[in-house]
Amino acid sequence: MEEVIVQHVSDVGEMDCRNVSKKAKLVASKAEEPHMSPSPTLQVPSSSEKCTTSYYDIIDCPIYYPSLEEFGNPLKYIASIRHEAEKFGICVIRPPDMWKPKQVLDRYNFLFSTRLERTHQLFKRQNEATIFIETLKVHLQKEGIFLDPWPMIGEKEVDLHLLYSVVKEFGGLQTISDNECWNGVARQVEVPLLGFHAGKKLCAVYIKYLLSFSMLSDAERKEMTNSVRLARSHPTHADDPFGFGQGATHNMDSFERLDKEWTKIVFEDSNPSSADIEKKYWDIVQGNKHFNVFYGSDLDTSVYGSGFPTDPDDIYSRFGFNLNVLPGVPESMLKYMKAISGISMPWLYMGMLFSSFCWHVEDNFLYSINYMHFGVGKRWYGVPSSDAHKLEAVYHKYLPQEFKRNPLLLHDIVTQLPPDILVKEGVKVTTCVQRPRDYVVTFPQSYHAGYSEGFNCCEAVNFAAADWLPFGVRASMSYRLEKRPVTLDQEKMLCEVARNETNEDVLRYSYPLFKQLVQREKRLRQRIAAKLRLGTRKLEVVMEQSPELFKLVKEETSDDEGGEADVFTMSDSEGEKVKRRSRRLQQKCVLEENIKKRTSRMFSLSSITSTSNTIARSGGMASTNEVLITCASCCRICHFSAAVFKENMHIKAHRRGDLNRYDVEEDENANRLCCLDCCDAMDAAVCDNIEFVVVRESEVELETLLDHLASKVSHLPPIPPQELYGII
């Protein structure tokens, strides 16, 4: 009878980042009792299968080994390990031995595009080598030569700073050419030899880009360098935006050969350990030596095909741990959303040595899960959500100038920070090396980063379990402050949960959040209605064919009609409505005609031309469930309600201290939509430019949905306050 070691990690929240208190006990592998599921097990790997041997002595994340029964329900299993595993930020799930989906990607016919990554610029992008390159660019521009594209030999960018130094050390161009030493220079510069051609190509690169620069006097080069330094120190100086370039198209065979060539250049003929690879990677990241790699990242499986079986006759195509299936399982919140590439539709990742993914959290703070189909290991680092703010603070401490130039630097996912620096600054960091058949799960708002140790193929997707909902609300709040577009309509999601959901965990997490949203929405509508009373305008309620769609439409009221503006809101009592009925009936014919004109214009693509913020429906009225309304000011998705400003009016926010100041300006291509949150912060003079307010869910409908959801959870225990992370 086999025995397995089950590891229990206690009080990880109090752990030191270098030591984990471990308690292990032997559990005999016995037949399970009927109807009894074994508790999730955290197994200590043997020395031959150890998850990682980190050079920086960073603690390992846990590795879980689900039984075949547990593996059948992915979200239920992840929920069972969450309280322990989320304290590490990441974890590894190793499937049962029976999990062996066949490889469906063709080695030769599967073609994919790559991006070019300059590993040496992933951390601090400014150093002596950078100053040299900028000085060289200034000189070359005078010669009519540009470093775009960068000179390459065998897909490896030539380190021009190093080449200049090596040629100078070898005695100059003439000496090297006379002694036929260019292949020796190529070895020093670490470019692929490609037989005898590398030396000749390197000589041509030197002549084109460096020869005229080397012929300048020392005084001329010094003067040019000083002018570059002076220009960089000026407050108005701005570096070119940093990002990844476009690489060549490969199939798996050619990309693996490229990886072997790079590995040979970096490690020669040695067989480096995982710790050796880790040290070399971070040396390059923090060094000055020019080094580029390629990464076949973000490959949309709807275009390139999935690495998992998708044939309905294949049993693996119906399994929950097939990443094409997982986002839509019954326990997932994403089943209420349309398919979104890269979120609910998986992406493929083809890696080579040192292909990097930089520190980031998932969009909307979602979960992610990454599966390795085949290949060499991938090193992961994780930081739990409890330390996310610490990591962000360390980034700002070590890269202040980069954040000054780009406040949203972390969202660009192009900047690394060495894990030893994070540990030194008190951030909890864990690590693992993902192997073939391993799943790596990242938890909501957990930062993660890493790189490939060689050629491999992975596939990843996002998912949203019930416990993600508080993080989703937190993400929406954060995105609104940063004016970042969101991809998930959480208000609509919670409405769908209230109407249709039966899963108890989803209902328990949803109720307090939906209750808070409804109360907030009611307060906003009351405050906006109060602001609109200040003008000489009429606020009317018109109910369209769909009982779910209401519009608050403002009409001009002339002064000779007397009295204050006639204000009619969703919160008015029946008695107040009756008093106004006769006057409204008199105006009915004119009002209906105006409403038809305005609502038709509002839902027409011709009136709101912003492609990212369009009420997405052309020609006449749109179905209320298909209308996507996005705020022009804060970019949040407005499902409950939104204000529509006058035609050609653009809302502009100005940051002053901790507050936003709003103005409107004329713009023919203006997006006129604005959420009620932003309207609530506007002055009355700005709000006077509102033409009407769209209300998708009436207050009665919202209260009905809330009551319906309350009845579903009345017999269920409430979610503990700490599980809501301060959102309520």
Side-chain angles (χ1 to χ4, degrees), residues 74-75 104-105 110-115 117 243-244 246-247 249-250 294-312 317 319-329 332-351 355-358 360-373 408 411-414 439-442 444 448 456-465 468 471-472 475-476 479 484-490 492-493 496 610-614 616-617 625-630 635-637 639:
L75 263 60
V104 298
L105 298 175
F110 172 60
L111 299 176
F112 55 91
S113 57
T114 62
R115 75 183 188 197
E117 300 178 340
F244 298 132
Q246 183 66 39
T249 298
H250 284 272
F294 298 91
Y295 193 14
S297 64
D298 303 345
L299 304 175
D300 188 342
T301 55
S302 66
V303 176
Y304 292 90
S306 173
F308 286 98
T310 55
D311 184 349
S317 70
F319 220 86
F321 267 101
N322 181 323
L323 299 192
N324 297 286
V325 176
L326 189 144
V329 298
S332 172
M333 302 297 299
L334 296 185
K335 66 178 181 284
Y336 292 114
M337 300 289 100
K338 290 184 178 180
I340 303 172
S341 176
I343 292 184
S344 55
M345 296 173 63
W347 278 353
L348 279 169
Y349 297 86
M350 302 299 302
S355 295
S356 304
F357 56 103
C358 301
H360 68 287
V361 293
E362 295 298 313
D363 286 344
N364 302 283
F365 297 168
L366 289 163
Y367 279 89
S368 76
I369 184 166
N370 185 295
Y371 179 76
M372 181 176 285
H373 290 289
L408 300 181
H411 302 310
D412 292 342
I413 321 182
V414 294
Y439 289 91
V440 173
V441 176
T442 73
H448 47 284
N456 56 38
C457 174
C458 296
E459 190 165 344
V461 77
N462 292 115
F463 65 94
W468 161 80
F471 288 97
S476 297
Y479 281 28
R484 290 184 62 201
V486 296
T487 49
L488 296 181
D489 186 347
Q490 210 167 358
K492 179 180 178 181
M493 181 185 292
E496 293 297 324
S610 172
T611 55
S612 61
N613 298 302
T614 299
R617 189 77 171 178
N625 291 325
E626 295 179 5
V627 174
L628 179 65
I629 305 177
T630 307
C635 299
R636 63 163 284 205
I637 298 175
H639 177 74

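Values below: every heavy atom of this structure, side chains too, minus hydrogens, waters and symmetry copies. Numbering of residues begins at 1 and proceeds along the displayed sequence.
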Answer yes or no: is there a side-chain heavy-atom contact under 4.5 Å between [X] and [Y]?
X	Y	result
Val441	Tyr367	yes
Thr442	Ser368	yes
Val414	Phe244	yes
Leu488	Asp363	no
Tyr371	Val461	no
Leu75	Phe463	yes

Side-chain donor/acceptor of [X] to backbone N/O of [Y], under 3.5 Å:
X	Y	value
Gln246	Thr114	yes
Glu459	Gly307	yes
Ser332	Leu334	yes
Ser355	Phe294	yes
Asn364	Leu366	no

Where is the tightest heavy-atom contact between [X] and [Y], given as atom of each residue plus distance?
X	Y	result
Phe365	Phe471	CD1-O, 3.5 Å
Ser302	Met345	CB-CE, 3.2 Å
Val104	Pro309	CG1-CA, 4.2 Å
His448	Val361	CE1-CA, 4.4 Å
Met333	Ala465	CG-O, 3.8 Å
Gly342	Asn462	O-OD1, 3.2 Å

Item to check | Trp347 and Ser297 side chains, donor-acceptor separation under 3.5 Å | outcome: no
Got a second to check how far [X]'s [atom1] is from [Y]'s [atom2], nearest 0.5 Å?
X	Y	atom1	atom2	value
Glu496	Met493	CD	CE	10.0 Å
Ile413	Ser356	CD1	OG	12.5 Å
Ser344	Leu326	OG	CG	11.5 Å
Asn322	Ser317	CG	OG	7.0 Å
His373	Cys458	NE2	SG	8.0 Å

Checklist entry - Between Phe110 and Tyr304, how do the two ring planes meet: parallel, tilted or perpendicular, split at 30° and 60°? => result perpendicular
Checklist entry - Which word best sums up how the rings of Phe308 and Tyr439 line up, parallel for under 30°, tilted for 30 to 60°, or perpendicular for over 60°? => result parallel
Checklist entry - Honestly, is Arg115 close enough over Tyr295, meaning NZ or CZ under 6.0 Å from the six-membered ring centre and within 45° of the axis? => result no
Checklist entry - Which one of Thr310, Leu323, Leu348 satisfies the side-chain contact (heavy atoms from CB on, under 4.5 Å) criterion with Thr301? => result Leu348
